[in-house]
Q: 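Have a look at the structure that comes next, please.
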Amino acid sequence: MLRRESRLPTKFTRRDLAKAAGSAALVLSATGGEAAAQTDRKARGRAPAPRRFTSGFVWGVATASYQIEGAWNVDGKGESIWDRFSHTPGKIANNDTGDVALDHYHRYKEDVQVIKALGAKAYRFSISWPRIFPDGIGTPNAKGLDFYNRLVDELLANGIQPFATLYHWDLPQALQDRWGGWQSRDTAKAFADYAGLIADKLSDRVRHFFTINELLCVVDFGYGAGFMAPGLQLPPAELNQVRHHAVLAHGLAVQAMRAKGRRGIKIGPAENISIGVPVVETPEHIAAAERYTREVNAGYLTVMLEGRYTDAFLAAQGADAPKFTPDDLKIIASPLDFVGINIYLPKYVRAIDTGPGYQELPFSKSHPKMASSWHLIGPEALYWGPRHLQRLWNVKDIYVTENGCGAADEPAEDGIVYDSDRIMYLRNCLTQLQRATSEGVPVRGYFHWSSMDNFEWMSGFGIRFGLVHIDYASLKRTPKLSARFFRETATRNRLV
Ligand code: FCB
(Lines give C-alpha, C1' and ligand atoms only; values in the text may rest on other atoms or scores of the structure.)
Protein backbone atom coordinates (compact mmCIF):
# COMPACT_ATOMS: atom_id res chain seq x y z
CA MET A 1 0.00 0.00 0.00
CA LEU A 2 1.39 3.43 -0.95
CA ARG A 3 1.47 6.02 1.75
CA ARG A 4 2.38 9.67 1.77
CA GLU A 5 5.04 10.22 4.34
CA SER A 6 3.69 13.56 5.55
CA ARG A 7 3.69 13.96 9.32
CA LEU A 8 0.33 15.43 10.15
CA PRO A 9 -0.35 16.19 13.80
CA THR A 10 -1.25 13.01 15.63
CA LYS A 11 -1.92 14.39 19.10
CA PHE A 12 -5.41 15.05 20.20
CA THR A 13 -6.73 16.73 23.26
CA ARG A 14 -9.83 16.24 25.33
CA ARG A 15 -11.38 19.03 23.35
CA ASP A 16 -10.67 17.17 20.10
CA LEU A 17 -12.23 14.10 21.61
CA ALA A 18 -15.27 16.09 22.55
CA LYS A 19 -15.42 17.58 19.08
CA ALA A 20 -15.09 14.10 17.70
CA ALA A 21 -18.16 13.13 19.65
CA GLY A 22 -19.87 15.69 17.53
CA SER A 23 -22.52 17.25 19.76
CA ALA A 24 -22.43 19.84 22.51
CA ALA A 25 -24.68 17.71 24.66
CA LEU A 26 -22.22 14.87 24.57
CA VAL A 27 -19.36 17.22 25.37
CA LEU A 28 -20.71 18.49 28.69
CA SER A 29 -19.32 15.86 31.00
CA ALA A 30 -16.02 15.19 29.30
CA THR A 31 -13.95 15.91 32.36
CA GLY A 32 -13.74 12.53 34.06
CA GLY A 33 -12.77 12.03 37.73
CA GLU A 34 -14.42 14.18 40.40
CA ALA A 35 -16.16 16.48 37.93
CA ALA A 36 -17.71 13.44 36.31
CA ALA A 37 -18.80 12.18 39.69
CA GLN A 38 -20.47 15.53 40.41
CA THR A 39 -22.30 15.40 37.10
CA ASP A 40 -23.36 11.89 38.05
CA ARG A 41 -24.65 13.07 41.40
CA LYS A 42 -26.66 15.92 39.83
CA ALA A 43 -28.11 13.63 37.25
CA ARG A 44 -29.17 10.99 39.77
CA GLY A 45 -32.78 10.18 39.25
CA ARG A 46 -32.43 10.62 35.52
CA ALA A 47 -29.49 8.27 35.03
CA PRO A 48 -29.73 4.49 35.23
CA ALA A 49 -28.47 2.87 38.42
CA PRO A 50 -24.68 2.90 38.26
CA ARG A 51 -23.14 -0.44 37.29
CA ARG A 52 -19.67 -0.06 38.68
CA PHE A 53 -16.55 -2.10 38.25
CA THR A 54 -14.49 -3.01 41.30
CA SER A 55 -12.19 -0.35 42.70
CA GLY A 56 -8.71 -0.49 41.20
CA PHE A 57 -10.05 -2.11 38.01
CA VAL A 58 -7.48 -1.50 35.24
CA TRP A 59 -8.72 0.03 31.99
CA GLY A 60 -6.32 -0.37 29.10
CA VAL A 61 -5.95 -0.66 25.36
CA ALA A 62 -3.94 -3.23 23.42
CA THR A 63 -1.85 -3.48 20.25
CA ALA A 64 0.80 -5.78 18.77
CA SER A 65 4.18 -5.02 17.23
CA TYR A 66 3.64 -6.27 13.69
CA GLN A 67 0.23 -4.64 13.46
CA ILE A 68 1.38 -1.11 14.26
CA GLU A 69 5.15 -0.58 14.31
CA GLY A 70 6.20 -0.56 10.66
CA ALA A 71 9.97 0.06 10.35
CA TRP A 72 10.18 -3.59 9.37
CA ASN A 73 13.88 -3.46 8.41
CA VAL A 74 15.05 -0.44 10.37
CA ASP A 75 17.77 -0.20 13.05
CA GLY A 76 18.95 -3.78 12.64
CA LYS A 77 15.57 -5.52 12.95
CA GLY A 78 15.52 -9.03 11.46
CA GLU A 79 12.82 -10.38 9.18
CA SER A 80 9.83 -12.01 10.89
CA ILE A 81 7.57 -14.75 9.55
CA TRP A 82 4.86 -12.11 9.11
CA ASP A 83 7.22 -9.97 7.00
CA ARG A 84 7.89 -12.98 4.80
CA PHE A 85 4.22 -14.00 4.68
CA SER A 86 2.87 -10.54 3.85
CA HIS A 87 5.56 -10.08 1.19
CA THR A 88 4.27 -13.23 -0.51
CA PRO A 89 1.67 -12.16 -3.10
CA GLY A 90 -1.86 -13.42 -2.48
CA LYS A 91 -1.55 -14.11 1.24
CA ILE A 92 -3.03 -10.85 2.54
CA ALA A 93 -6.08 -8.93 1.30
CA ASN A 94 -5.02 -6.24 -1.12
CA ASN A 95 -1.44 -7.52 -0.66
CA ASP A 96 -1.13 -5.13 2.29
CA THR A 97 1.97 -5.44 4.47
CA GLY A 98 3.11 -4.21 7.86
CA ASP A 99 6.16 -2.52 6.32
CA VAL A 100 4.93 0.91 7.42
CA ALA A 101 1.69 0.05 9.27
CA LEU A 102 1.03 3.01 11.59
CA ASP A 103 4.71 3.96 11.68
CA HIS A 104 4.38 3.64 15.44
CA TYR A 105 8.11 2.92 15.67
CA HIS A 106 8.73 6.57 14.80
CA ARG A 107 5.51 8.05 16.19
CA TYR A 108 5.33 6.31 19.57
CA LYS A 109 5.37 9.58 21.49
CA GLU A 110 2.28 10.84 19.69
CA ASP A 111 0.67 7.44 20.21
CA VAL A 112 1.25 7.57 23.95
CA GLN A 113 -0.72 10.84 23.89
CA VAL A 114 -3.44 9.07 21.89
CA ILE A 115 -3.63 6.36 24.58
CA LYS A 116 -3.68 8.93 27.37
CA ALA A 117 -6.51 10.86 25.72
CA LEU A 118 -8.54 7.64 25.63
CA GLY A 119 -8.47 7.60 29.42
CA ALA A 120 -6.50 4.34 29.45
CA LYS A 121 -4.27 3.81 32.47
CA ALA A 122 -2.60 0.70 31.04
CA TYR A 123 -1.21 -0.26 27.67
CA ARG A 124 -0.67 -3.79 26.42
CA PHE A 125 1.89 -3.81 23.61
CA SER A 126 4.04 -6.58 22.20
CA ILE A 127 7.76 -6.79 21.70
CA SER A 128 9.06 -7.83 18.31
CA TRP A 129 11.43 -10.76 18.92
CA PRO A 130 13.37 -10.13 15.65
CA ARG A 131 13.90 -6.51 16.67
CA ILE A 132 15.72 -7.80 19.74
CA PHE A 133 17.35 -10.90 18.19
CA PRO A 134 17.47 -10.39 14.41
CA ASP A 135 18.51 -14.05 14.01
CA GLY A 136 16.31 -15.33 16.82
CA ILE A 137 19.33 -16.15 18.97
CA GLY A 138 22.81 -14.74 19.48
CA THR A 139 23.70 -11.15 20.24
CA PRO A 140 20.86 -8.79 21.13
CA ASN A 141 20.33 -5.71 18.99
CA ALA A 142 20.86 -2.68 21.22
CA LYS A 143 18.80 -0.39 19.00
CA GLY A 144 15.80 -2.72 19.20
CA LEU A 145 15.99 -2.82 22.98
CA ASP A 146 16.36 0.91 23.07
CA PHE A 147 13.06 1.38 21.27
CA TYR A 148 11.14 -0.51 23.96
CA ASN A 149 13.08 1.28 26.71
CA ARG A 150 11.99 4.60 25.27
CA LEU A 151 8.40 3.44 24.84
CA VAL A 152 8.20 2.20 28.43
CA ASP A 153 9.69 5.43 29.79
CA GLU A 154 7.25 7.49 27.76
CA LEU A 155 4.29 5.46 29.04
CA LEU A 156 5.35 5.77 32.66
CA ALA A 157 6.00 9.50 32.30
CA ASN A 158 2.38 9.80 31.18
CA GLY A 159 0.90 7.73 33.99
CA ILE A 160 0.25 4.63 31.87
CA GLN A 161 1.24 1.17 33.15
CA PRO A 162 3.05 -0.92 30.54
CA PHE A 163 1.91 -4.55 30.09
CA ALA A 164 4.28 -6.29 27.66
CA THR A 165 3.53 -9.34 25.52
CA LEU A 166 6.62 -11.30 24.47
CA TYR A 167 5.19 -13.08 21.46
CA HIS A 168 2.38 -11.77 19.31
CA TRP A 169 3.17 -13.94 16.29
CA ASP A 170 6.23 -12.28 14.72
CA LEU A 171 8.70 -15.15 15.02
CA PRO A 172 12.18 -14.42 13.63
CA GLN A 173 12.19 -15.86 10.09
CA ALA A 174 15.71 -17.11 10.82
CA LEU A 175 14.26 -19.63 13.30
CA GLN A 176 11.62 -20.74 10.81
CA ASP A 177 14.38 -21.35 8.28
CA ARG A 178 16.79 -23.02 10.69
CA TRP A 179 14.51 -25.22 12.79
CA GLY A 180 11.06 -25.08 11.21
CA GLY A 181 10.01 -22.57 13.88
CA TRP A 182 7.75 -24.09 16.53
CA GLN A 183 8.27 -27.54 14.99
CA SER A 184 11.42 -27.69 17.07
CA ARG A 185 12.05 -27.73 20.82
CA ASP A 186 15.03 -25.50 20.10
CA THR A 187 12.69 -22.64 19.28
CA ALA A 188 11.03 -23.08 22.68
CA LYS A 189 14.46 -22.81 24.31
CA ALA A 190 15.39 -19.77 22.23
CA PHE A 191 12.11 -18.16 23.26
CA ALA A 192 12.99 -18.66 26.92
CA ASP A 193 16.38 -16.99 26.39
CA TYR A 194 14.72 -14.04 24.71
CA ALA A 195 12.10 -13.85 27.50
CA GLY A 196 14.82 -13.89 30.15
CA LEU A 197 16.66 -11.05 28.44
CA ILE A 198 13.51 -8.93 28.25
CA ALA A 199 12.75 -9.54 31.92
CA ASP A 200 16.30 -8.60 32.79
CA LYS A 201 16.20 -5.35 30.81
CA LEU A 202 12.63 -4.16 31.38
CA SER A 203 11.30 -5.56 34.65
CA ASP A 204 12.64 -2.62 36.65
CA ARG A 205 9.78 -0.69 35.01
CA VAL A 206 7.42 -3.25 33.46
CA ARG A 207 5.67 -5.28 36.15
CA HIS A 208 3.26 -7.35 34.02
CA PHE A 209 4.30 -9.69 31.24
CA PHE A 210 2.33 -11.95 28.92
CA THR A 211 4.17 -14.88 27.42
CA ILE A 212 2.43 -15.86 24.16
CA ASN A 213 -0.64 -14.34 22.56
CA GLU A 214 -3.30 -16.81 21.40
CA LEU A 215 -1.56 -20.15 21.05
CA LEU A 216 -4.45 -21.46 18.96
CA CYS A 217 -3.73 -18.97 16.17
CA VAL A 218 0.02 -19.58 16.34
CA VAL A 219 -0.41 -23.35 16.07
CA ASP A 220 -3.68 -24.25 14.36
CA PHE A 221 -3.82 -21.35 11.93
CA GLY A 222 -0.06 -20.96 11.29
CA TYR A 223 0.95 -24.64 11.09
CA GLY A 224 -2.39 -26.43 10.59
CA ALA A 225 -4.83 -24.54 8.39
CA GLY A 226 -1.98 -22.44 7.04
CA PHE A 227 -3.82 -19.16 6.48
CA MET A 228 -1.52 -17.39 8.92
CA ALA A 229 2.27 -17.18 8.92
CA PRO A 230 4.29 -19.29 8.35
CA GLY A 231 1.48 -20.81 6.26
CA LEU A 232 2.19 -24.53 6.80
CA GLN A 233 -0.32 -27.38 6.70
CA LEU A 234 1.17 -30.09 8.83
CA PRO A 235 -0.39 -33.51 9.42
CA PRO A 236 -1.98 -34.14 12.87
CA ALA A 237 0.99 -35.79 14.64
CA GLU A 238 3.35 -32.98 13.65
CA LEU A 239 0.78 -30.35 14.50
CA ASN A 240 0.33 -31.84 17.97
CA GLN A 241 4.08 -31.65 18.45
CA VAL A 242 4.09 -27.98 17.41
CA ARG A 243 1.35 -27.38 19.97
CA HIS A 244 3.36 -29.13 22.64
CA HIS A 245 6.47 -27.07 21.86
CA ALA A 246 4.41 -23.89 22.04
CA VAL A 247 3.00 -24.61 25.51
CA LEU A 248 6.45 -25.76 26.59
CA ALA A 249 7.85 -22.44 25.35
CA HIS A 250 5.30 -20.65 27.52
CA GLY A 251 6.44 -22.61 30.60
CA LEU A 252 10.14 -22.22 29.87
CA ALA A 253 9.63 -18.48 29.42
CA VAL A 254 7.84 -18.20 32.77
CA GLN A 255 10.80 -19.88 34.45
CA ALA A 256 13.42 -17.80 32.63
CA MET A 257 11.63 -14.57 33.50
CA ARG A 258 11.39 -15.49 37.17
CA ALA A 259 15.11 -16.27 37.13
CA LYS A 260 16.18 -13.07 35.34
CA GLY A 261 13.47 -10.55 36.24
CA ARG A 262 13.03 -8.40 39.35
CA ARG A 263 11.13 -9.89 42.27
CA GLY A 264 7.40 -9.47 42.23
CA ILE A 265 6.84 -9.31 38.48
CA LYS A 266 3.52 -10.76 37.35
CA ILE A 267 3.45 -13.27 34.50
CA GLY A 268 0.62 -14.94 32.63
CA PRO A 269 -0.58 -15.96 29.17
CA ALA A 270 -2.98 -14.11 26.83
CA GLU A 271 -5.09 -16.98 25.56
CA ASN A 272 -8.07 -17.03 23.22
CA ILE A 273 -9.79 -19.97 24.83
CA SER A 274 -13.00 -21.31 23.38
CA ILE A 275 -15.66 -20.24 25.86
CA GLY A 276 -18.67 -22.46 26.37
CA VAL A 277 -21.75 -20.33 26.92
CA PRO A 278 -24.71 -22.30 28.32
CA VAL A 279 -27.41 -21.69 25.77
CA VAL A 280 -29.94 -21.77 28.58
CA GLU A 281 -28.70 -20.74 32.03
CA THR A 282 -29.85 -23.74 34.01
CA PRO A 283 -27.58 -25.97 36.13
CA GLU A 284 -27.26 -28.85 33.64
CA HIS A 285 -26.31 -26.58 30.73
CA ILE A 286 -23.93 -24.56 32.92
CA ALA A 287 -22.17 -27.78 33.98
CA ALA A 288 -21.97 -28.84 30.32
CA ALA A 289 -20.47 -25.47 29.34
CA GLU A 290 -17.80 -25.87 32.04
CA ARG A 291 -16.89 -29.38 30.90
CA TYR A 292 -16.78 -28.21 27.30
CA THR A 293 -14.47 -25.30 28.19
CA ARG A 294 -12.03 -27.60 29.98
CA GLU A 295 -11.95 -30.19 27.18
CA VAL A 296 -11.79 -28.05 24.06
CA ASN A 297 -8.87 -26.10 25.49
CA ALA A 298 -7.07 -29.28 26.62
CA GLY A 299 -3.97 -28.70 24.47
CA TYR A 300 -3.64 -25.08 25.60
CA LEU A 301 -4.89 -23.46 28.80
CA THR A 302 -5.97 -26.71 30.44
CA VAL A 303 -2.52 -28.29 30.25
CA MET A 304 -0.95 -24.99 31.31
CA LEU A 305 -3.12 -24.85 34.44
CA GLU A 306 -3.41 -28.57 35.26
CA GLY A 307 -0.02 -29.92 34.18
CA ARG A 308 -1.58 -32.81 32.28
CA TYR A 309 -3.27 -33.48 28.99
CA THR A 310 -6.81 -34.67 29.67
CA ASP A 311 -7.57 -38.34 29.07
CA ALA A 312 -10.17 -37.43 26.45
CA PHE A 313 -7.63 -35.28 24.58
CA LEU A 314 -5.00 -38.04 24.51
CA ALA A 315 -7.59 -40.65 23.53
CA ALA A 316 -8.89 -38.47 20.70
CA GLN A 317 -5.38 -37.92 19.32
CA GLY A 318 -4.50 -41.62 19.56
CA ALA A 319 -1.26 -42.42 17.71
CA ASP A 320 -0.92 -38.74 16.76
CA ALA A 321 -0.74 -37.57 20.40
CA PRO A 322 2.21 -35.31 21.26
CA LYS A 323 5.41 -36.89 22.62
CA PHE A 324 6.27 -35.46 26.02
CA THR A 325 7.99 -36.22 29.32
CA PRO A 326 6.65 -35.74 32.87
CA ASP A 327 9.22 -32.99 33.25
CA ASP A 328 7.77 -31.15 30.24
CA LEU A 329 4.38 -31.13 31.94
CA LYS A 330 5.84 -29.62 35.11
CA ILE A 331 7.48 -26.87 33.08
CA ILE A 332 4.30 -26.17 31.11
CA ALA A 333 2.37 -25.79 34.36
CA SER A 334 4.86 -23.40 35.99
CA PRO A 335 2.87 -21.30 38.48
CA LEU A 336 1.30 -18.15 37.04
CA ASP A 337 0.33 -14.86 38.64
CA PHE A 338 -2.75 -14.29 36.52
CA VAL A 339 -4.55 -15.60 33.47
CA GLY A 340 -5.28 -13.30 30.54
CA ILE A 341 -7.98 -14.19 28.01
CA ASN A 342 -8.88 -12.53 24.73
CA ILE A 343 -12.63 -12.67 24.24
CA TYR A 344 -14.38 -12.14 20.94
CA LEU A 345 -16.72 -15.09 20.41
CA PRO A 346 -19.10 -17.34 22.31
CA LYS A 347 -19.54 -21.05 21.68
CA TYR A 348 -23.09 -21.95 22.60
CA VAL A 349 -23.27 -25.25 24.41
CA ARG A 350 -26.03 -27.46 25.78
CA ALA A 351 -26.08 -30.58 27.91
CA ILE A 352 -26.77 -33.92 26.22
CA ASP A 353 -27.10 -37.43 27.63
CA THR A 354 -24.55 -39.08 25.36
CA GLY A 355 -20.80 -38.86 24.68
CA PRO A 356 -18.95 -36.16 26.61
CA GLY A 357 -22.24 -34.78 27.99
CA TYR A 358 -22.06 -31.52 26.07
CA GLN A 359 -22.75 -30.37 22.55
CA GLU A 360 -21.48 -27.27 20.79
CA LEU A 361 -24.41 -25.82 18.87
CA PRO A 362 -24.18 -24.49 15.33
CA PHE A 363 -24.84 -20.79 14.88
CA SER A 364 -28.06 -19.89 13.15
CA LYS A 365 -27.53 -18.42 9.66
CA SER A 366 -28.93 -15.11 10.82
CA HIS A 367 -26.82 -14.91 13.98
CA PRO A 368 -25.56 -11.30 14.12
CA LYS A 369 -21.95 -10.60 13.16
CA MET A 370 -19.55 -7.71 13.26
CA ALA A 371 -17.44 -6.78 10.22
CA SER A 372 -15.01 -9.71 10.29
CA SER A 373 -16.59 -12.83 8.80
CA TRP A 374 -15.63 -14.86 11.89
CA HIS A 375 -16.96 -12.40 14.40
CA LEU A 376 -20.29 -13.78 15.60
CA ILE A 377 -21.65 -11.69 18.44
CA GLY A 378 -22.13 -13.14 21.93
CA PRO A 379 -21.51 -10.70 24.78
CA GLU A 380 -22.27 -13.44 27.35
CA ALA A 381 -18.77 -14.79 26.70
CA LEU A 382 -17.47 -11.87 28.78
CA TYR A 383 -19.37 -13.27 31.76
CA TRP A 384 -18.83 -16.99 31.24
CA GLY A 385 -15.16 -16.88 30.23
CA PRO A 386 -13.92 -15.35 33.49
CA ARG A 387 -16.43 -17.36 35.53
CA HIS A 388 -15.19 -20.64 34.05
CA LEU A 389 -11.60 -19.68 34.93
CA GLN A 390 -12.65 -19.13 38.51
CA ARG A 391 -14.80 -22.25 38.79
CA LEU A 392 -12.65 -24.71 36.85
CA TRP A 393 -9.19 -23.68 38.01
CA ASN A 394 -9.71 -21.31 40.91
CA VAL A 395 -7.86 -18.54 39.06
CA LYS A 396 -7.42 -15.62 41.46
CA ASP A 397 -6.48 -12.84 39.04
CA ILE A 398 -7.98 -12.54 35.59
CA TYR A 399 -7.46 -9.96 32.86
CA VAL A 400 -9.49 -9.59 29.70
CA THR A 401 -6.48 -8.99 27.50
CA GLU A 402 -8.45 -8.27 24.33
CA ASN A 403 -12.03 -7.53 23.40
CA GLY A 404 -13.36 -5.31 20.65
CA CYS A 405 -14.74 -5.51 17.16
CA GLY A 406 -14.04 -4.68 13.56
CA ALA A 407 -16.53 -2.35 11.94
CA ALA A 408 -17.04 -0.82 8.51
CA ASP A 409 -15.92 2.56 9.80
CA GLU A 410 -16.34 5.43 7.35
CA PRO A 411 -15.69 9.04 8.34
CA ALA A 412 -18.80 11.19 7.92
CA GLU A 413 -18.70 14.56 6.14
CA ASP A 414 -17.30 16.21 9.26
CA GLY A 415 -14.46 13.68 9.27
CA ILE A 416 -15.70 11.75 12.31
CA VAL A 417 -16.48 8.03 12.44
CA TYR A 418 -19.86 7.55 14.16
CA ASP A 419 -19.35 3.92 15.11
CA SER A 420 -22.64 3.30 16.87
CA ASP A 421 -22.23 -0.43 16.19
CA ARG A 422 -18.95 -0.58 18.12
CA ILE A 423 -20.52 1.25 21.05
CA MET A 424 -23.46 -1.16 21.01
CA TYR A 425 -21.06 -4.10 20.94
CA LEU A 426 -18.87 -2.75 23.74
CA ARG A 427 -21.72 -1.75 26.01
CA ASN A 428 -23.17 -5.24 25.79
CA CYS A 429 -19.82 -6.93 26.38
CA LEU A 430 -19.02 -4.69 29.34
CA THR A 431 -22.47 -5.27 30.81
CA GLN A 432 -21.65 -8.98 30.95
CA LEU A 433 -18.18 -8.33 32.34
CA GLN A 434 -19.63 -6.12 35.07
CA ARG A 435 -22.07 -8.91 35.86
CA ALA A 436 -19.05 -11.15 36.50
CA THR A 437 -17.17 -8.65 38.69
CA SER A 438 -20.29 -7.83 40.68
CA GLU A 439 -20.60 -11.54 41.53
CA GLY A 440 -17.03 -11.63 42.81
CA VAL A 441 -15.32 -13.16 39.76
CA PRO A 442 -11.79 -11.76 40.14
CA VAL A 443 -11.38 -9.82 36.88
CA ARG A 444 -8.73 -7.17 37.51
CA GLY A 445 -8.73 -5.33 34.21
CA TYR A 446 -9.89 -4.99 30.62
CA PHE A 447 -7.84 -4.14 27.53
CA HIS A 448 -9.72 -2.92 24.50
CA TRP A 449 -8.52 -4.18 21.13
CA SER A 450 -7.42 -1.82 19.79
CA SER A 451 -6.39 1.75 20.51
CA MET A 452 -6.03 2.50 16.80
CA ASP A 453 -7.00 0.84 13.53
CA ASN A 454 -4.14 -1.39 12.40
CA PHE A 455 -2.94 -4.24 10.19
CA GLU A 456 -5.54 -6.95 10.78
CA TRP A 457 -3.49 -9.97 9.65
CA MET A 458 -5.00 -11.65 6.55
CA SER A 459 -7.55 -8.83 6.22
CA GLY A 460 -4.77 -6.27 5.87
CA PHE A 461 -5.96 -2.73 6.55
CA GLY A 462 -9.47 -3.57 5.33
CA ILE A 463 -10.99 -4.23 8.76
CA ARG A 464 -10.76 -1.57 11.43
CA PHE A 465 -10.70 -2.39 15.16
CA GLY A 466 -9.57 0.94 16.62
CA LEU A 467 -11.16 3.48 18.92
CA VAL A 468 -9.08 5.88 16.84
CA HIS A 469 -9.36 6.03 13.07
CA ILE A 470 -6.25 5.91 10.92
CA ASP A 471 -6.16 7.58 7.54
CA TYR A 472 -3.73 5.20 5.86
CA ALA A 473 -2.70 7.79 3.26
CA SER A 474 -1.64 10.46 5.76
CA LEU A 475 -1.40 8.29 8.91
CA LYS A 476 -3.50 10.87 10.70
CA ARG A 477 -5.04 9.61 13.94
CA THR A 478 -8.66 10.75 14.60
CA PRO A 479 -10.75 9.52 17.55
CA LYS A 480 -14.03 7.84 16.70
CA LEU A 481 -17.24 8.25 18.67
CA SER A 482 -16.37 5.03 20.51
CA ALA A 483 -13.23 6.72 21.88
CA ARG A 484 -15.58 8.93 23.82
CA PHE A 485 -17.57 5.93 25.07
CA PHE A 486 -14.39 4.19 26.22
CA ARG A 487 -13.05 7.26 27.95
CA GLU A 488 -16.26 7.88 29.86
CA THR A 489 -16.46 4.25 30.95
CA ALA A 490 -12.82 4.07 31.98
CA THR A 491 -12.67 7.36 33.89
CA ARG A 492 -15.96 6.68 35.73
CA ASN A 493 -15.13 2.99 36.22
CA ARG A 494 -18.70 2.09 35.39
CA LEU A 495 -20.97 1.45 32.47
CA VAL A 496 -22.15 4.49 30.56
C1 FCB B 1 -6.89 -11.35 17.92
C2 FCB B 1 -5.44 -10.97 17.78
C3 FCB B 1 -5.21 -9.50 17.56
C4 FCB B 1 -6.25 -8.89 16.66
C5 FCB B 1 -7.63 -9.28 17.08
C6 FCB B 1 -8.74 -8.70 16.23
O7 FCB B 1 -7.05 -12.68 17.58
O8 FCB B 1 -4.73 -11.34 18.95
O9 FCB B 1 -3.91 -9.34 17.09
O10 FCB B 1 -6.00 -9.19 15.34
O11 FCB B 1 -7.76 -10.67 17.07
Side-chain angles (χ1 to χ4, degrees), residues 60-70 80-83 85-86 91-93 96-98 101-102 104 123-129 163-171 210-222 224-225 227-229 246 250 268-275 297 300-301 339-347 369-378 381-382 385 399-409 419 421-422 425-426 429 446-470 480 482 486:
V61 288
T63 62
S65 47
Y66 187 73
Q67 295 178 276
I68 64 165
E69 285 180 2
S80 80
I81 56 173
W82 272 93
D83 292 317
F85 196 69
S86 69
K91 297 292 187 194
I92 310 289
D96 286 344
T97 74
L102 313 191
H104 169 76
Y123 178 50
R124 174 176 175 239
F125 62 98
S126 84
I127 296 172
S128 160
W129 182 353
F163 283 63
T165 307
L166 292 170
Y167 187 77
H168 203 125
W169 309 354
D170 41 1
L171 183 76
F210 305 102
T211 51
I212 299 180
N213 182 72
E214 300 193 350
L215 283 158
L216 177 94
C217 297
V218 173
V219 175
D220 292 73
F221 300 163
F227 57 79
M228 285 191 163
H250 154 84
E271 271 293 87
N272 56 335
I273 56 168
S274 295
I275 296 170
N297 299 296
Y300 296 118
L301 195 61
V339 172
I341 47 173
N342 298 350
I343 310 180
Y344 291 95
L345 287 182
K347 301 281 186 180
K369 275 187 191 161
M370 295 306 296
S372 309
S373 55
W374 51 266
H375 200 172
L376 294 144
I377 301 176
L382 276 282
Y399 287 95
V400 174
T401 33
E402 284 182 26
N403 169 245
C405 63
D409 298 324
D419 50 348
D421 49 355
R422 179 170 288 106
Y425 176 86
L426 290 179
C429 286
Y446 169 92
F447 291 84
H448 181 265
W449 184 274
S450 180
S451 48
M452 300 175 287
D453 295 338
N454 56 49
F455 178 89
E456 177 50 21
W457 310 112
M458 304 82 59
S459 307
F461 297 105
I463 301 260
R464 295 170 177 273
F465 272 82
L467 297 170
V468 173
H469 176 268
I470 300 289
K480 303 175 191 174
S482 57
F486 182 86

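All ligand and atom numbering here is 1-based and tracks the order in the structure. Quick note: residue numbers are just sequence positions, from 1.
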Q: Taking 4.0 angstrom as the limit and counting only heavy atoms of W457, give me the atoms of ligand 1 inside it, by number and element.
A: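 Under 4.0 Å from W457, ligand 1 has these atoms: 3 (C), 4 (C), 9 (O), 10 (O).
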Q: Only heavy atoms count here, so choose which of Y344, W169, W449 is nearest to atom 11 (O) of ligand 1.
A: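 Closest candidate by heavy-atom distance is Y344.
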Q: Where do F447 and A62 come nearest, in terms of heavy atoms and distance?
A: CB-CB, 4.2 Å
Q: Which of the atoms in ligand 1, numbered in the order shown and given with their element, are less than 4.0 Å from a heavy-atom of N213?
A: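 Result: 8 (O).
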Q: Specify the closest pair of heavy atoms between Y300 and V219, including all atoms of both residues, with the distance to one decimal.
A: OH-CB, 3.3 Å
Q: With a 6.0 Å cut-off on ring centres, are Y399 and Y446 close enough?
A: no
Q: Examine the proximity of ligand 1 to N272 and report which part, side chain or backbone, both or neither, has a heavy atom under 4.0 Å away.
A: neither
Q: So do L426 and H448 actually touch side chain to side chain, heavy atoms under 4.5 Å?
A: yes
Q: Under 4.0 Å from any heavy atom of H168, which atoms of ligand 1 are there?
A: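 So the answer, numbered in order with elements, is 2 (C), 3 (C), 8 (O), 9 (O).
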Q: Considering non-hydrogen atoms of the protein only, which is the closest contact for atom 10 (O) of ligand 1, and what is the distance?
A: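 So the nearest neighbour among protein heavy atoms is E456 OE1, 2.6 Å.
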Q: Quick test of your reading of the model: are R422 and D409 salt-bridged, counting only N-O distances below 4.0 Å?
A: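 Yes, R422 and D409 are salt-bridged.
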Q: Look at atom 7 (O) of ligand 1 and say which protein heavy atom is nearest, naming residue and atom and giving the distance to 0.1 Å.
A: E214 OE1, 2.6 Å
Q: Answer yes or no: does an N/O atom from Q67 fall short of 3.5 Å to an N/O atom of ligand 1?
A: yes
Q: Any idea which atoms of ligand 1 are less than 4.0 Å away from a heavy-atom of F465?
A: 6 (C)
Q: Can you find a pair of side-chain heavy atoms, one from E214 and one from W169, that are under 4.5 Å apart?
A: yes
Q: State, with a plain yes or no, whether a side-chain heavy atom of H104 is found less than 4.5 Å away from one of E69.
A: yes
Q: How far is atom 1 (C) of ligand 1 from its nearest protein heavy atom, and which residue and atom name does that atom have?
A: E402 OE1, 3.2 Å
